[in-house]
Amino acid sequence: MREYLLWALAGMCLVGCVASAVLFWQGWIASRPNFELWFGVCTLGWFVLATHGVTRR
Amino acid sequence: MPALADVARKMDQFYEFDREPVHPDRLQPGRHFAGLFAGEHVAATEFVIGAFFVLHGVSLNDLLVGLLLGNLLAVLSWTFVCAPIAVQTRLTLYWYLRKIAGPGLTSIYNLANAVLYSILAGAMIAVSATAVGLVLSIPTPQLTDMYPKSFSWVALTFAIGVAFTILAILGFDKLSRFASVCSPWILVVFVSGAIASLSPLGVRPDLSNLIEIARNRIWNGVPTAGQEKFALWHLVFFAWFANLAMHVGLSDMALFRYARHWSYGLYSAFGMYPGHTLAWLCSGVMVAAIGREMHPGLMAYQALGIAGLVGVVLAGWTTANPTLYRVGLALQAVTGWPRWKVTLVAGLATALLASFPVFFMKLLDYVAIYGLVLMPIGAIVFAEHWIFPHLNLPRFKAEQQGLWINWTVLLVWVGTLIACYFMPLHLFFRWLPGYLLAIASYTLLSWMGRRRQSHA
């Protein structure tokens, strides 16, 4: 159960990466540095969670 | 010949673990193949290939139809050519070819594969170098450059090559686990990079001018100066042969021998459509946003900032790492050195190759040549597996007669390549007549050989 939750959160981070790009294109994230920050945070989230998930297998 | 016999014996030892056909309890479910293909076909090459389509003046319609059709043909090649032979034999190409061509020729094939692979790894190192070079203000070679023109570029590619090599030596297993984490994110880098590049290209938030921008500013049908114009059939054939060595060339028998049914070849679509269609489209958008400059690092940086640069470096590394491993494995048989030493030497040689822009700037041609060189072996195995039983021709001549080298196989391999070299066709189109020629000539020569034996 915990593993499913882990991968669900990791997947949401990937969705967050794409969503930040969409929001930037649509103008809802106004500046490029803000977009890069959101993308970077979601990326970091993916790598931390997914690496943890892979090493638990 | 004794030296070749020694190489063949050592290669047999390295591949010993998969000598026996796969046992039924080790067969894998379909999702296993979907995951493998999805992870393997989103690589650093995708940054270059999709961008080159833009530089070669592809039009939007040709691109969409070409990629859909070409990738479908690739999926069908895995499904109807590679997977059925793998499922019936449950062997790798290495062991199946050994029965047909003999251990000596199989070793030559493996070494040729290693050399071709190391050049591909070199191109991946160069792609990563464009990202690091951007940070260090080292200029990337121009489209027409064949040789390195600055010491700083040579030093950069060499340093990255050495870093990749050290990582490969340190621990393949742990690193390959980390690489599996990178693959989904790299696809996200492509998609997000393309979306973030839509604003600079002038695509409105309501998408009302998307098609117009795609037709006029991205795939506008006008090649960049010095680049050849590509049309529909160039794209169809490129998408088809991009993995020629794997499907028609049968090296993915190593994967599909674990499949429960030959129809599992259809799972290759999980690699072709997200990787070889979506990622190529996305890199086309990104290169158009930076003014059609072949610079993967700049493309990703302009789109996504620092994360884009990391994406390019990781894409290069995740492709180069298993490649260095395979090269090391093949060369270990020749030298007999320990794995770390042979990987180090292979890595250093690959790092030197990486400094030559020709392999990176002519990547499309190189991919075509790579597939073409190995294709005749796939044709020979196809003929032996499917055609010989119908003609009552004896199979597995090398195994039956204890030959080191089946000279008919070598003759057909070399002869097909010579014929392909002289074909009055574009490089992209030569493999298909070459493939048919190899099947026909191998069958004919084997039939003539049997007649000669029965008359004697």
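Reminder, nothing fancy here: chain letters follow the sequence lines and each chain counts from 1. Everything quoted here is computed from the prediction, not taken from an experiment. Just the heavy atoms: all of them, side chains too, but no hydrogens, waters or symmetry mates, feed the values below.
Contact of V310(B) with chain A is not made at all, since no heavy-atom distance falls under 4.5 Å. Heavy atoms closer than 4.5 Å to chain A are found nowhere in L201(B), neither backbone nor side chain. Residue A303(B) touches chain A through its backbone alone, counting heavy-atom pairs closer than 4.5 Å.
Annotation: residues 40-50 of chain A contacts chain B through T43(A), W46(A), F47(A), A50(A) [non-hydrogen atoms, separation under 4.5 Å]. Residues of residues 9-20 of chain A that come within less than 4.5 angstrom of chain B, heavy atom to heavy atom, are L14(A), C17(A), V18(A) in numerical order.
Put simply, OG on S192(B) and CZ on F35(A) are 6.5 Å apart, with the number rounded to the nearest 0.5 Å. Taking CD1 from I306(B) and CZ from F39(A), the interatomic distance works out to 12.5 Å, rounded to the nearest 0.5 Å.
When every heavy atom of R32(A) is checked against every heavy atom of Q302(B), the shortest pair comes out as NH1-O, 2.8 Å. Residues A196(B) and A21(A) approach most closely at N-CB, 4.4 Å, considering heavy atoms. W25(A) and S199(B) make their closest contact through CD1-OG, 3.4 Å (heavy atoms, listed as atom of the first residue, atom of the second, distance).
More than 12 heavy-atom neighbours from other residues, nucleotides or ligands sit within 6.0 angstrom of OH on Y273(B). Summarising the local packing, OH of Y301(B) is surrounded by 12 or fewer heavy atoms from other residues, nucleotides or ligands at distances under 6.0 Å.
The most heavy-atom pairs under 4.5 Å with chain A, out of V191(B), I195(B), V189(B), L187(B), come from I195(B).
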